[in-house]
S.K.: 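Pasting a structure below so you can have a look.
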Amino acid sequence: MNGFVLELDRVQTADREQFRCAVLAGLAHRPRAIPAKFLYDARGSALFDKICELPEYYLTRTETEILRDHAADIAALAGPDRALLEFGSGSSVKSRLLLDAMDLALYAPIDISREHLDSSTARLRRDYPSLPIEAVCADYMSIADLPQLAPSVRRVGFFPGSSIGNLEPHEALAFFRNARDLLGDKGALVLGVDLKKDFARLHAAYNDSAGVTAAFTLNLLRRMNRELQGTFNLDRFRHEAFYNPVEGRIEIYFRSLSNQSVNVAGQAFTFTAGERVHTEYSYKYDVPQLESLVRQAGFRLERLWTDPERLFAVAYLALA
Ligand code: AVJ
């Protein structure tokens with residue numbers, strides 16, 4: 001076996017162990033919950049890509065539109081000779097809009113998935129042969145420093161997709177504080193965030209008629225079956241998503257349709273009829289809320305662009 005295969009094997013074993021611990025802890029806990037990041041195995045990531053194309057899921061389409069309309073404004077605010085750091089770059093599709101518009105000294109995509117990072121970096125190297133690219137395989141929630149970046153180059157962060165919405169307010173604040181430290185005194189952050197809007201529109205975005213979002217949630221059960229020798233019967237659980245207006249968030253669960261017992265990773269768990277397991281929050285912001293949150297982390301809301309319907313916003317947050 002070559003070194004690459006050994007390395008991949010080691011990473012996969014570590015990932016699986018992390019998943020096992022999170023599932024066992026999450027199902028033992030009350031209320032039951034499994035962290036959202038585990039939704040994104042290969043099949044989950046493919047289903048999420050399908051979600052982004054759904055007629056009801058306006059987020060991706062709208063953000064791309066805003067970025068396309070204002071990439072030149074963002075480039076002008078950032079100025080020349082910047083390092084662009086992307087948090088959770090995934091397939092880096094939206095980043096291309098900024099790479100095309102900005103005058104960059106460096107692009108540093110940061111992603112926890114080695115696979116995603118390598119394949120998208122290879123494609124970017126081909127399409128932007130003169131742009132230096134430094135891929136960083138790390139969890140952006142805990143990354144402390146990027147020693148490979150020259151300290152003289154001013155840093156601009158990019159956190160698109162309303163990924164911030166997955167985080168509870170205290171976690172979002174921790175993310176912004178960490179980003180501030182990473183970006184440095186003269187840094188800035190370009191943030192994509194989903195806005196509060198009428199409940200029916202929000203509800204539809206997470207309860208699509210084609211059932212793709214339901215398949216995305218229930219894929220977590222499939223993943224437990226495959227990776228942790230689970231015995232979940234997917235017909236005996238259903239996806240549930242609703243807007244909680246008090247907390248300003250979509251809440252997503254899978255719900256047991258009957259009293260049942262399921263084995264996972266060698267342990268038995270009983271579910272009562274109607275019992276649910278939390279999988280995701282998707283927080284929605286309004287502008288004053290966003291402004292106050294980022295201010296607590298030392299950022300200033302310098303500019304904010306939205307679409308005509310005010311569904312989604314792209315914000316330019318400055319530190320200096
Ligand atoms: C990737 C967290 C932005 O909250 O809209 C979409 C995830 N889950 N449909 C979102 C998601 C179900 C998505 N984020």
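One-based numbering, in listed order, for ligands and for the atoms of each.
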S.K.: Could Arg223 and Phe19 be counted as a cation-pi pair, given that NZ or CZ must be under 6.0 Å from the ring centre and within 45° of the axis?
M.R.: yes

S.K.: Which residues, ordered by chain and number, are linked to Tyr253 in its hydrophobic cluster, where ILVMFWY side chains connect at heavy-atom gaps below 4.5 Å, directly or through other members?
M.R.: Phe242

S.K.: Please check if the distance between the ring centroids of Phe87 and Phe158 is under 6.0 Å.
M.R.: no

S.K.: One line per pair, note the atom names and distance for all nitrogen or oxygen contacts under 3.5 Å between ligand 1 and the protein.
M.R.:
unit_1   : atom_1 : unit_2 : atom_2 : d
ligand 1 : 4 (O)  : Ser282 : OG     : 2.6
ligand 1 : 5 (O)  : Tyr57  : OH     : 2.5
ligand 1 : 5 (O)  : Tyr206 : OH     : 2.6
ligand 1 : 8 (N)  : Glu280 : OE1    : 3.0
ligand 1 : 8 (N)  : Glu280 : OE2    : 3.0

S.K.: Taking side chain to side chain donor-acceptor pair (under 3.5 Å) as the test, write out the residues that go with Arg255, two or more places apart.
M.R.: Glu240

S.K.: Set out, in order, the CA-CA distance, both residues' side-chain angles and the distance that settles side-chain contact (heavy atoms from CB on, under 4.5 Å) for Lys284 and Ile250, then state yes or no.
M.R.: CA-CA 8 Å; Lys284 309 304 171 186; Ile250 291 280; 4.0 Å; yes

S.K.: Run the side chain to side chain donor-acceptor pair (under 3.5 Å) test against Asp41 and tell me which residues pass, sequence neighbours left out.
M.R.: Asn219, Arg226

